[in-house]
Protein chains: 2
Amino acid sequence: MTARTSAESTRDIPEATVARLPVYLRALTTLSESGTITCSSEDLAQAAGVNSAKLRKDLSYLGSYGTRGVGYDVDYLRYQIAREIGVTQDWPVVIVGIGNLGHALANYSGFRSRGFRVVALLDADPTRHDEVVAGIDVRPFDDLEQIVRENGVAIGVIATPAIAAQDVADRMVACGISSILNFAATVLSVPAGVDVRKVDLSIELQILAYHEQRKAQVEPA
Amino acid sequence: MTARTSAESTRDIPEATVARLPVYLRALTTLSESGTITCSSEDLAQAAGVNSAKLRKDLSYLGSYGTRGVGYDVDYLRYQIAREIGVTQDWPVVIVGIGNLGHALANYSGFRSRGFRVVALLDADPTRHDEVVAGIDVRPFDDLEQIVRENGVAIGVIATPAIAAQDVADRMVACGISSILNFAATVLSVPAGVDVRKVDLSIELQILAYHEQRKAQVEPA
DNA sequence: CTCGTTTTGTTCTCGCGTTCACAAACTCCT
DNA sequence: AGGAGTTTGTGAACGCGAGAACAAAACGAG
């Protein structure tokens, strides 16, 4: 095994692991705030809601940041994960669609505290353009390109009605945005190289309903 | 292979498939509204953003609802999937935590249109109790048990700050709620038999940030 | 009625992710 | 210094899901 630079060490982290790293990061932050200096994989696994073997394997993809017989230094590990995910740097974000959900997103403190800075709120509806949400004034959707260019925005959030989402996505991609978080209830088609993650509130409820129905079937009270 | 009753046919649907059924359901609804009578697995797969082999395999778990050489009857398949998921029936839901996100959820039309009926909005903060959101008045959190009992609520939504979420979950479980959709940024621990699904906005952004960082590393402009 | 065309339902194979189990490594106590 | 106890990091086995490929079934033309 050859020595690797830190740039090379960021290779080949499985997708399933990437999805859990933010959970570990939050658990570590909680531990750190409660004054914990070191923790075992068992402790952290419990805080993150996974089993310890999976946690250790996940962390092993980042490198060997633990000490056998001791555990992990909470702050050190936290920094390493944050660096790996990329939340040590500042990510400018635009939110398009300032309805109920857009409001909630704009006000969500969890973004800013993790390195995401909402640089603009955009809406196609001119009657919203005099509004100020979370200290940011709502601007016309047509300002998208200028804002993206001036702020170096790489991540866009779509909180529009489903009917408008594909158009918004197309415009975002045309401006150079390469990661999209989509809250609209529709399937987006984007060119290769653009990442889309979908959050669909009603789908989550439907999955719960399915299981709920199963439970009722098995044991009819 | 013996003949199976419709109750028995609902066995053993893989979790990955369950998660996609709502997507197919929405795609079918869109097709139906555009006047389409029948569609091939290829058509539906494209509308749902998956490949056709996976779609056919998913549908095969429900039964044989297609016709070889022809395709699927849109409305018939839509009904079968809806029945399988359980959205042909009415699901009473309570939402706890009427902050920005709670407001957005209460107003979200996608719930009602898929069989989910918000029967109550609850908040621990007394200053919110005179508010009316989406035509429903906000009630004290302590009314939870009564509301759950009177309406037969099985599904609860948590939209509180992280610090309150575990308490809310405990109370929900104590009342008999057995499925929880959690928007709070924390890991909930619940007894076996209770389903929890987590939606975490900042985690989704962090996953995007990770990939975005990778792209920037590979091709530094 | 028969043959070609279309499309489903299913089998098979492969790769990823999870979990177990254990060797390696570190600390602490005597 | 040495041994007992603890905890990490990882090799190996296992199970699930994705995708390719094909047989079975339905339709239509002649």
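All chains are named by letter (A, B, ...) in the order of the sequence lines, taking the proteins before the strands, and each is independently numbered beginning at 1.
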Figure out the CD/C1' separation between A:E42 and C:dA21, and round it to whole Å.
15 Å
Considering only residues two or more places apart or on different chains, which pairs with a residue in residues 35-50 of chain B satisfy side chain to side chain donor-acceptor pair (under 3.5 Å)?
B:S34-B:T36, B:S40-B:D43, B:S41-B:R56, B:E42-B:S52
With a 4.0 Å cutoff (strictly under), does any side-chain N or O of B:S64 reach OP1 or OP2 of C:dG9?
yes
B:I13: which of B:V18, B:I85, B:D58 passes side-chain contact (heavy atoms from CB on, under 4.5 Å)
B:V18
Euclidean distance, atom OH of residue B:Y65 to atom C1' of C:dT7 [Å, nearest integer]
19 Å
For B:D167, what residues pass the salt bridge (charged side-chain N to carboxylate O under 4.0 Å, His left out) criterion, not counting sequence neighbours?
none
B:R114: what forms a salt bridge (charged side-chain N to carboxylate O under 4.0 Å, His left out) with it, not counting sequence neighbours?
none
Is any side-chain N or O of B:Y72 closer than 4.0 Å to OP1 or OP2 of C:dG9?
yes
Return a table of donor-acceptor pairs under 3.5 angstrom between the side chains of residues 96-106 of chain B and protein atoms on other chains or two or more places apart.
from, atom 1, to, atom 2, distance (Å)
B:H103, ND1, B:G99, O, 3.0
B:H103, NE2, B:E131, OE2, 3.2

Mind checking what makes salt bridge (charged side-chain N to carboxylate O under 4.0 Å, His left out) contact with A:D170, not counting sequence neighbours?
none
Does B:R68 have any side chain to side chain donor-acceptor pair (under 3.5 Å) partners at least two apart in sequence or in another chain, and if so, which?
none
List the atom pairs, donor and acceptor, that lie under 3.5 Å between side-chain atoms in residues 182-189 of chain B and the rest of the protein, sequence neighbours left out.
from, atom 1, to, atom 2, distance (Å)
B:N182, OD1, B:A184, N, 2.9
B:N182, ND2, B:A184, O, 3.4
B:N182, ND2, B:T186, O, 3.2

B:F111 meets the ring pair (Phe, Tyr, Trp, His ring centres under 6.0 Å) criterion, sequence neighbours left out, with B:Y108
Do the side chain of B:S32 and the main chain of B:T29 share a donor and acceptor less than 3.5 angstrom apart?
no
Could you tell me the separation between the CG atom of A:L55 and the P atom of D:dT10, rounded to a whole number of Å?
14 Å
Name the pairs: protein N/O against N/O of nucleotides 1-5 of chain C, kept only if under 3.5 Å.
none

Give me the residues of residues 22-38 of chain A where at least one heavy atom lies under 4.0 Å from an atom of DNA chain D, by number, or none.
none
So, is A:S41 close to the D:dT8 phosphate, meaning a side-chain N or O under 4.0 Å from OP1 or OP2?
yes
Quickly work out the A:D43 CG to D:dT7 P distance and round it to whole Å.
8 Å
When rounded to whole Å, the CG to C1' distance for the pair B:D73 and D:dA26 reads 15 Å
Take atom CG of A:L59 and atom C1' of D:dT8, then tell me their distance rounded to the nearest Å.
10 Å
Sequence neighbours left out, what passes side chain to side chain donor-acceptor pair (under 3.5 Å) with A:T160? Give chain and number order.
none
Protein-nucleotides 16-24 of chain D N/O pairs under 3.5 Å:
from, atom 1, to, atom 2, distance (Å)
D:dA18, OP1, B:R20, NH1, 2.8
D:dA18, OP2, B:R20, NH2, 2.9
D:dG19, OP2, B:N51, ND2, 3.4
D:dG19, OP2, B:K54, NZ, 3.3
D:dG19, O6, B:K57, NZ, 2.5
D:dA24, N3, B:R68, NH1, 2.7

